[in-house]
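Structure first, commentary second.
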Amino acid sequence: MNNENQNDEKLRQQQANTRLAWVLGVVSAAVFVFMIYYLRAK
Amino acid sequence: MTTATVSTHDDHHDHGHPSGIKRWLFTTNHKDIGTMYMIFALIMFLVGGMMIMGVRAELFQPGMQLMKPEFFNQLIGVHALIMIFAALMPVATGMANWLIPMMIGAPDMALPRLNNWSFWLLPPAATLLVMPFILALFGVGTGAVATGWTLYAPLSVQGGMGVDFAIFSIHLLGISSILASINVVVTILNMRAPGMTMMKMPLFVWAWLITAFLLIATIPVLAGAVTMLLTDRHFDTHFFDAAGGGDPILFQHLFWFFGHPEVYILLLPIWGFMPHILSAFARKPIYGHKAQVYSFWAIGIMSVIVWAHHFFTVGMPIPALLYFMYSTMAISLPLAVLFFCWIATIWRGSMTFETPMLFALGFVILFGIGGLTGLVLADVAADAQYHHSYFVVAHFHYTLFAGGIMGAMAGVYFWLPKFTGHMYDEKLGKTHFWLTAISFNLTFIPQFFLGLAGMPRRIPDYALQFTEFNMISSLGAFALGLSQLLFVYIIIKCARGGEKASDRVWEGAKGLEFTLPSPPPYHSFTTQPVVK
Ligand code: HEM
Ligand SMILES: [Cu+2]
């Protein structure tokens, strides 16, 4: 296996990691925003 | 073969990393960050402990001796917040940083820079929490948050600026936890070595995966609740103000919707330690790996549907009382499965009793008492009597000190030789265990009886008939506090030197982390191992 392929693989992995991190972060932020928004009129 | 897999650092693993303060400030290395988490946790453990020594000194006798009631309340609340958010959670996160990459065969955590941030948010957060104490010395404000860690409205709406400091501190702590959890989830889902299927993952890793999911789902609820508190305090909203059409009970619901899962957030990582330690010192394979994974899941899911058992007495419709009672009691079923697996793991094993094993066995017994007394409290009819009494205080210290802190100590002693490359002093370790176990019980057994006899919690003075048991409890507490200095000494001594630890450290130890040298190289696995 040559170096170039390994670097591709590494980049792909890092992108996958960042993507998943954003999904989880957005879920968290959404819970926060939804809750306050939903409760504001109660 | 291994060459076909990703290893993020194979091309530059011996790069010179900065030394001195810069190494720690800018580090993205999971071991450095893990070490910082654990040192931070240890320091805050001592700070929080010192505060409660003040409380136990005041409670040594009836009457008011040493401090004003406001200050007493502040000590209690800040003690709890520190122990939960700045001691127990950070030690678990520190262990996660060290162990997860090694256990799943990864070079590091998935998001190393984020990791640096997760840690460095903690010291400012802790500073914010204790700052009002210092400001008060200079005549600014009335001291720290005095509401207890639960921050119930309307007290917290009316409280002094200590509440604002606590709110901001909780925001920072929450962000730190969420970032750390994101990192844990991504690392576990994306960075496992080839062949490391989900079901083959070590139980500590599994426990942390579920912990991280719980944090991501429930910390925002706490953050939302304290944000609403902040706007009620300063921006004329009325979320928790009955006069303005709001509802103070809403705060209790929001707080405990986070708060109950939080108790499992604190304990899941510890339950993750146990099978590793028990099986190593019983020299037997872990009993019920799958059963434990399923129990973790069951407890994680059920933990978000039982929250109102913390305020049965506030007034609820009967069906709600029944629902929260039975759902709470149902959680003890998966918990019992875990207990069964722990006991079955050591059953008829050829056991030896090194310090980690002592702490692990102490954990199983004492945490058992914590769980059983929880069942008592979950009974609506009984809770009417015990709620807000010292019985509750004793219950949650059996879960959080014996279950949480002593369980964490079992893990620290077990993996410390791996981290430092040296064995700790076994004789001192055992002494530390016995001092801790005995003085812990001396402190908290009397509190069960005080609670049963009707002594309320969170008060600086009490009726005369409670005197003797309070004296015993205070003496136990001072001994417990002093014993922990020995722990600090043992750790420093072990970091400095001592008998060289082998790769495997313990005869019965299993797991990928024990295939690495002690201490392991800067980047754990530069070439990922293949798991059969
Ligand atoms: C079978 C297991 C358990 C049951 C049935 C249970 C039940 C309860 C109940 C009903 C209360 C409320 C008592 C009251 O305020 O009147 C309570 C309080 C508490 N429990 Fe547990 N519990 C269990 C395990 C745990 C665990 C594992 C932890 C922590 C790791 C924990 C930590 C706490 C804390 C911190 C409080 C007091 C909160 C406060 O008011 O400040 N419990 N428990
Ligand atoms: Cu609870």
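These numbers come from a predicted model, not from an experiment. Proteins come first, then strands; the chains are lettered A, B, ... in the order of their sequence lines, and each starts at number 1. We use all heavy atoms of the structure for the numbers below, so side chains are in, but hydrogens, waters and symmetry mates are not.
- Neither the backbone nor the side chain of B/S181 comes within contact range of chain A; no heavy atom of the residue lies under 4.5 Å from a heavy atom of that chain.
- With values rounded to the nearest 0.5 angstrom, B/N190 atom CG is found 12.0 Å from A/Q15 atom CD.
- When atom types are taken as modelled, the side chain of A/Q13 and the backbone of B/A110 share no donor-acceptor pair closer than 3.5 angstrom.
- No part of B/L179 comes within reach of chain A, as not one of its non-hydrogen atoms sits under 4.5 angstrom from that chain.
- More than 12 heavy atoms of other shown residues, nucleotides or ligands fall within 6.0 angstrom of atom CZ in A/F32.
- None of B/I219, B/T218, B/V221 except one satisfies the side-chain contact (heavy atoms from CB on, under 4.5 Å) rule with A/V31; the exception is B/V221.
- In this structure, CG on B/D247 lies 10.5 Å from CG on A/L39, to the nearest 0.5 angstrom.
- Rounded to the nearest 0.5 angstrom, A/L20 CG and B/L111 CG are separated by 8.5 Å.
- Contact check for A/I36 versus B/T231: no side-chain heavy atoms found under the 4.5 Å cut-off.
- Once rounded to the nearest 0.5 Å, the distance linking CG of B/L189 with CG of A/N17 reads 10.0 Å.
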